[in-house]
> 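Dropping the structure in here first, questions after.
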Amino acid sequence: MAIQTRNPVTGKVVRTFKAHTDTEIGAAIVRSYQAFLELRNWSFEKRAACMVRVSDILEGEAEALGRIATLEMGKTHGSAIAEVKKCAWVCRYYAEAAEAHLSDDHIETRASKAFRKYMPLGPVLAVMPWNYPFWQVFRFAAPALMAGNTGLLKHASNVPQCALAIEDIFKRAGFPDDAFRTLLISGSQVEKVLRHDLVKAATLTGSEPAGASVASICGSVIKPTLLELGGSDAFIVMPSADLDEAVKVGTTARTQNNGQSCIAAKRFIVHTDIYDKVKARLVEAFEALKIGDPMADDTDIGPLVNEAALKDLTAQVDMAVADGASVVTGAVAIDSEGYFFRPGIVENLPNGSPVYYQELFGPVALLFKVDDLDTAIDLANDSPFGLGAAIFTQDEDEKERAINRIEAGATFVNSMTSSDPRLPFGGIKRSGYGRELAAEGIRAFCNVKTVSIA
Ligand code: NAP
């Protein structure tokens, strides 16, 4: 794929970048390793001082950085600024919490002293997607660098300006020059990087095929991986729920980031007693969304990222309808320049349709009617994915059952699934493995060394 900025509002290429050559990539990996030899000897205090400066730069430049994200992938400028500020938060969180998460952990044994020691591994390759072009990178980079690892970024080919801006921020903040490097490379150049002896691990956020490819290459050379893949999160609404809140939150959970979020609420599973009411209110909320220029303050929904995304989503809706589903509202491409799509709702999708098991990576809500919570949970689990899930109910027994039985990396009760630096984040089943954020995120790329002194 060409490495270039193409504005999804117009469909026009704005800027094209030359991919790094094999020689440049090899040199960057060696320099990343040399930076690791330096960074691993820095104190937590010294790393934290730089990470706080990263946080300050992000806060101070959120508006300008947000503009790059909006230009490259079409999210609303307001949400892009919020994303950059969330990155500032994760940097500050790890600047403060890294030492506690990685301090030696003493254990009583027959030895005079025994403890766990968390040690960095070296350069880690991060293969990242375009949908949260800053957040996905910083939630990896902040813990990785605070642990003493260095980062090599292979960002999605359509967000090179975001990728270069991130590299520049780490440099300006005072980290060693090569502690965080952007490699401008295509997916096909990733294998060489993974096989390089000095690259010690990889993390990938993105689609299943990309994840499977990276994991199998790493498997063949015995390198650890962490995968954050797709999702088709359930959003269960039971009769005792605050319906106004459920509809408001559900609308945001499905349509934020122009509907292109891994943890978006994708399958709305609604109890039969309130189904018609919830459906009518969701329709009203979806139809009220303002679609348009993502730089405008009053826009709720900008364009999808590219032409392929628009075509794929349209094809999925068409197949769902051919298989027996009905469109309640929207769910069509808008006939204009750029990649605009009208948010929509689809109901009665039978489980015989392939679409039933797919991820809809755009603003289309699937609506299902169920008679009781057990059926709702069975339906929620009838998916190859297991990223997040949400349930709206006031009933304590229903909350408990949902928490215990839903197969997902997270279950949120009476709120939408979201990420928070203090909470672990990740999936099960085909949504991936491993956890980012919190203590798990910073320990993910550490050698947990057992030390025993007789
Ligand atoms: P994608 O095609 O897999 O791209 C993600 C990254 O992988 C890009 O940098 C891409 O580079 C690279 N890539 C693609 N094929 C590769 C290969 N064979 N080997 C190595 N690298 C490869 O994903 P996408 O479709 O853009 O992103 C959307 C997907 O990401 C959705 O499924 C979404 O749910 C998932 N996602 C998951 C999370 C999570 O936290 N679980 C978060 C956000 C998104 P190029 O751009 O150069 O192809």
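Just so you know, ligand 1 is whichever comes first in the structure, and atom 1 is the first atom listed for that ligand. Both backbone and side-chain heavy atoms feed into the values below; hydrogens, waters and symmetry mates do not.
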> With rounding to the nearest 0.5 Å, note down the distance linking CD in Q136 to CE in M128.
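If I round to the nearest 0.5 Å, the distance is 7.0 Å.
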> May I ask you to test the P160-Q4 pair for a side-chain heavy-atom distance under 4.5 Å?
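Not in contact.
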> Between K290 and D298, does any NZ, NE, NH1 or NH2 come within less than 4.0 Å of an OD or OE carboxylate oxygen?
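Looking at D298 and K290, the cut-off is met.
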> Tell me whether the rings of Y356 and F368 are parallel (<30°), tilted (30 to 60°) or perpendicular (>60°).
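Because their plane-to-plane angle is over 60°, the rings of Y356 and F368 count as perpendicular.
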> Using every non-hydrogen atom in the two residues, find where E208 and F385 come nearest and quote the distance to one decimal.
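Nearest heavy atoms, E208 then F385: OE2-CE2, 3.6 Å.
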> Measure from every N or O atom of ligand 1 to the protein's N or O atoms and keep only the pairs below 3.5 Å, writing each with atom names and distance to 0.1 Å.
from     : atom 1 : to   : atom 2 : distance (Å)
ligand 1 : 3 (O)  : S207 : N      : 2.8
ligand 1 : 3 (O)  : S207 : OG     : 2.5
ligand 1 : 9 (O)  : M128 : O      : 2.8
ligand 1 : 9 (O)  : A156 : N      : 3.3
ligand 1 : 11 (O) : K154 : NZ     : 3.2
ligand 1 : 23 (O) : S207 : N      : 3.4
ligand 1 : 26 (O) : W130 : NE1    : 2.6
ligand 1 : 30 (O) : G206 : O      : 3.3
ligand 1 : 32 (O) : E359 : OE1    : 2.7
ligand 1 : 34 (O) : E359 : OE1    : 3.4
ligand 1 : 34 (O) : E359 : OE2    : 2.6
ligand 1 : 40 (O) : R139 : NH2    : 2.7
ligand 1 : 41 (N) : L229 : N      : 3.3
ligand 1 : 41 (N) : L229 : O      : 2.7
ligand 1 : 46 (O) : S157 : N      : 2.9
ligand 1 : 47 (O) : K154 : NZ     : 2.9
ligand 1 : 47 (O) : S157 : OG     : 2.5

> With a 4.5 Å cut-off on side-chain heavy atoms, are P424 and E436 touching?
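In short, these two side chains do not touch, never coming nearer than 4.5 Å.
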